[in-house]
Protein chains: 2
Amino acid sequence: MGQKDQVKSLEKCVRILTCMADNRENMTLNEVTQKTGLKKTTIYRLLQALTSLQLVEKKTKTRQYLLGPKLIYFGVTALSNLDLHTISLPIMTKLKNETGETVNLSILKGSEIIILARIQSDHLFNVNLSVGSRLPVNCTSQGKTILAYIDEEKANWIMANLMFDKRTENTISSVSDLKRELERIRQNGYAVNNEELEKGLSAVAAPIFNHSDQVVAAINVSYSRARHPEPEMYERLSKKVIRASKEISRAIGYSG
Amino acid sequence: MGQKDQVKSLEKCVRILTCMADNRENMTLNEVTQKTGLKKTTIYRLLQALTSLQLVEKKTKTRQYLLGPKLIYFGVTALSNLDLHTISLPIMTKLKNETGETVNLSILKGSEIIILARIQSDHLFNVNLSVGSRLPVNCTSQGKTILAYIDEEKANWIMANLMFDKRTENTISSVSDLKRELERIRQNGYAVNNEELEKGLSAVAAPIFNHSDQVVAAINVSYSRARHPEPEMYERLSKKVIRASKEISRAIGYSG
DNA sequence: AATAAAATTCCATATTGCGGAATTTATTAA
DNA sequence: TTAATAAATTCCGCAATATGGAATTTTATT
């Protein structure tokens with residue numbers, strides 16, 4: 001063994017897969033080479049192996065690689081074993097029925113949130129998001145919520161590296177504004193998205209904590225401002241969202 | 001290189017992960033050893049490596065291993081890149097709105113189906129299933145649908161290895177009965193679940209084909225018999241389900 | 001407390017993975 | 001079309017890595 005039970009080739013594979021996942025788009029060998037910094041020959045060989053094991057898929061026409069079907073299998077299995085997920089689903093369904101609006105459960109990954117579960121409203125107008133979708137932390141209720149409760153050092157690091165692209169006129173686009181917003185969120189116990197991601201779209205989110213008092217996710221209710229322009233909606237929803245978030249937190253071991 | 005770009009340690013890791021995914025339950029080192037047939041020391045070392053890379057999680061109290069968070073990340077990313085998934089979602093939503101009932105998208109894995117996407121109805125009564133849930137082929141509309149359209153050899157192999165546990169009095173529990181049912185499905189173009197999985201639960205499913213005319217998935221509408229006991233419901237739903245399945249098939253390249 | 005079983009560590013050896021260089025294939029420019 | 005450039009793929013000897021039997025420690029069972 002080199003060191004402490006490392007498996008070099010596996011590490012490289014995970015580095016490649018992570019690179020591909022981070023990148024979202026299909027990637028060519030050269031792109032992976034540039035982004036990972038590994039030797040091209042090595043990557044080539046590992047990608048062949050990964051492909052034959054179905055962890056990666058290769059589009060022969062374009063010579064592009066993408067994450068493969070076996071990862072979907074592993075992933076959805078892991079997801080359905082995840083306490084957070086199984087516990088949240090019925091509570092999310094209840095929340096959706098109470099509010100009539102779309103409910104999401106998301107976790108933080110880098111400077112984005114990833115949707116792990118989503119219960120859509122029955123309104124025809126529905127945003128084109130789904131399990132696996134990612135959104136920037138600064139313009140989502142869930143992103144801001146998580147940011148407000150993770151440890152400050154990590155939050156600062158994320159904020160320092162944020163792109164802050166202005167999705168709408170309301171998008172928070174500076175670290176100082178965002179910090180002020182996080183302070184407000186901590187005071188209220190919930191976060192609001194006031195058309196900061198997309199015009200006409202609002203949401204209210206609350207944090208989910210684990211047994212050791214750390215945020216592990218956020219739950220939100222998202223709705224169209226066209227149907228509910230009144231600002232009182234935020235507070236009204238927040239009560240329900242917070243109740244749901246607490247229920248989930250407790251169920252996964254939070255005692256605070 | 002050993003042979004044609006194999007990476008032995010990676011292969012073993014995938015074998016371990018597959019074993020764990022197949023098993024559903026958390027596993028102990030010894031269990032993995034027995035099920036994979038690999039040497040215990042090797043598995044131990046690889047599990048350590050997998051754990052430190054977050055592909056696997058280790059419950060130190062019980063010394064059990066389970067699929068880790070990084071696999072969720074890879075999996076949901078792969079899922080959201082999957083044409084089948086992204087194309088299906090809006091069509092499933094439409095189908096749910098048309099019928100008012102829960103809509104599922106599933107693929108075949110071994111002798112089970114796995115739910116890849118699910119749009120729940122707003123009825124309070126909702127079955128406890130979610131993305132990643134697995135069900136036996138013989139007692140689900142989607143399982144039977146896929147079985148009816150995959151190549152016969154594979155279907156026979158699956159049927160030969162089926163457990164056929166009798167979930168209800170209606171559960172199909174012999175190969176010959178199942179074969180007769182598959183024939184009926186091929187004639188109708190859709191499959192029905194007549195309380196074969198759970199008393200009070202019915203569903204109607206139709207197959208989804210790809211560019212090379214192969215079934216890749218099935219879509220279904222599932223509902224409570226308490227609300228709709230009438231058998232005409234099957235045919236009524238089948239029209240809508242078939243329409244949706246064709247729409248998805250075409251969108252992913254089917255031309256038949 | 002004694003026994004059995006499972007988990008973990010150790011280490012010498014064979015095997016595997018590595019990556020530079022060469023070759024082939026695709027892409028772009030002329 | 002041809003030439004030039006860039007990317008993908010193959011080759012192979014060497015060094016580093018993974019292997020697994022045996023020993024040790026920890027945990028479960030009697």
Side-chain angles (χ1 to χ4, degrees), chain A residues 1-68 70-71 81, chain B residues 1-68 70:
Chain A
M1 233 346 65
Q3 293 271 80
K4 245 179 161 294
D5 282 343
Q6 288 169 3
V7 177
K8 302 283 187 176
S9 55
L10 180 67
E11 276 179 15
K12 286 180 186 132
C13 286
V14 170
R15 220 162 121 189
I16 292 171
L17 292 174
T18 304
C19 167
M20 290 173 67
D22 289 347
N23 197 71
R24 316 272 291 103
E25 308 291 329
N26 300 354
M27 292 182 90
T28 172
L29 173 61
N30 229 28
E31 289 166 345
V32 179
T33 307
Q34 281 159 9
K35 295 230 178 181
T36 59
L38 298 170
K39 297 290 170 192
K40 192 193 266 193
T41 313
T42 302
I43 297 174
Y44 177 76
R45 185 169 36 79
L46 293 178
L47 277 173
Q48 293 307 103
L50 287 164
T51 302
S52 82
L53 291 168
Q54 314 241 54
L55 297 180
V56 160
E57 206 179 311
K58 186 178 187 172
K59 298 267 180 222
T60 27
K61 315 125 198 190
T62 59
R63 293 170 162 198
Q64 283 181 315
Y65 298 89
L66 61 152
L67 300 181
K70 188 153 272 169
L71 286 177
N81 286 343
Chain B
M1 238 338 71
Q3 292 271 80
K4 243 180 162 294
D5 283 342
Q6 289 168 3
V7 176
K8 303 281 187 175
S9 55
L10 180 67
E11 278 179 14
K12 285 177 186 138
C13 286
V14 170
R15 221 162 122 190
I16 292 171
L17 293 175
T18 304
C19 167
M20 291 173 66
D22 289 347
N23 196 72
R24 317 270 296 101
E25 309 290 328
N26 300 355
M27 293 182 89
T28 171
L29 173 62
N30 229 28
E31 289 166 346
V32 178
T33 307
Q34 282 159 8
K35 297 229 177 182
T36 58
L38 298 170
K39 297 290 171 192
K40 191 193 268 195
T41 313
T42 302
I43 297 174
Y44 177 76
R45 186 169 35 79
L46 293 178
L47 277 173
Q48 293 306 104
L50 287 164
T51 303
S52 81
L53 292 167
Q54 315 241 54
L55 297 180
V56 160
E57 205 179 313
K58 186 176 187 174
K59 297 267 180 221
T60 26
K61 314 125 198 192
T62 59
R63 291 169 162 200
Q64 282 181 317
Y65 298 90
L66 61 152
L67 300 181
K70 190 155 269 168

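Note: hydrogens, waters and symmetry copies are ignored here, and every other heavy atom, side chains too, is used. Chain naming here is simple, since letters A, B, ... match the order of the sequence lines and numbering starts at 1 in each.
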Testing A/I16, A/L46, A/T51 one by one against A/V56 for a side-chain contact (heavy atoms from CB on, under 4.5 Å), which residue passes?
A/T51
When every non-hydrogen atom of B/L53 is compared with those of B/K70, the smallest separation belongs to O-CD, 3.6 Å
Using rotation axes that map the C1' atoms of four end pairs onto the next four (five pairs an end), what angle separates the end axes of the helix from C/dA1-D/dT30 to C/dA30-D/dT1, to 10°?
60°
With rounding to the nearest 0.5 angstrom, report the NZ to CG distance, A/K58 to A/L50.
12.0 Å
Taking atom types as modelled, is there a side-chain donor on B/N26 or B/K59 under 3.5 Å from an acceptor on the other?
no
Interatomic distance, B/L47 atom CG to B/K40 atom NZ [nearest 0.5 angstrom]:
12.0 Å
Where do A/K35 and A/M20 land on the side chain to side chain contact (heavy atoms under 4.5 Å, CB included) test, with the steps shown first?
CA-CA 9 Å; A/K35 295 230 178 181; A/M20 290 173 67; over 6 Å; no
I'd like to know whether B/E25 forms a side chain to side chain contact (heavy atoms under 4.5 Å, CB included) with B/E31, so could you lay out the CA-CA distance, the side-chain angles of the two residues, the decisive distance to 0.1 Å, and finally the verdict.
CA-CA 11 Å; B/E25 309 290 328; B/E31 289 166 346; over 6 Å; no
Filtered N/O pairs between nucleotides 5-9 of chain D and protein, under 3.5 Å:
| unit_1 | atom_1 | unit_2 | atom_2 | d |
| --- | --- | --- | --- | --- |
| D/dA7 | OP1 | A/N30 | ND2 | 3.3 |
| D/dA7 | OP2 | A/N30 | ND2 | 3.4 |
| D/dA7 | O5' | A/N30 | ND2 | 2.8 |
| D/dA8 | OP1 | A/T28 | OG1 | 2.2 |
| D/dA8 | OP2 | A/N30 | N | 2.9 |
| D/dA8 | O4' | A/R63 | NH1 | 3.4 |
| D/dT9 | OP1 | A/K58 | NZ | 3.4 |
| D/dT9 | O5' | A/Y44 | OH | 3.2 |

Across the strands shown, which category fits A/K12 at heavy-atom distances under 4.0 angstrom: base, sugar-phosphate, nothing?
sugar-phosphate
Are A/R45 and C/dG19 close enough that a side-chain N or O sits under 4.0 Å from OP1 or OP2?
no
Could you state the atom-to-atom distance from NZ of B/K39 to P of C/dT13 in whole Å?
19 Å
Return the value, rounded to whole Å, for the distance between atom CD of B/Q6 and atom P of D/dT17.
21 Å
d(CG, A/L10; P, C/dG17) in whole Å:
11 Å
In whole Å, what is the span from the CG atom of A/L47 to the C1' atom of D/dT10?
16 Å
Return the set of residues passing side-chain hydrogen bond (donor to acceptor under 3.5 Å, both in side chains) with B/T62 (not counting sequence neighbours), or none when no residue passes.
B/Q64
One should read off an interatomic distance between B/C19 SG and B/Q34 CD, to the nearest 0.5 angstrom, of 10.0 Å
Report yes if at least one side-chain N or O of B/K8 is closer than 4.0 Å to OP1 or OP2 of D/dA18; otherwise report no.
no
Could you check how far CG of B/L46 sits from C1' of D/dT17, rounded to whole Å?
12 Å
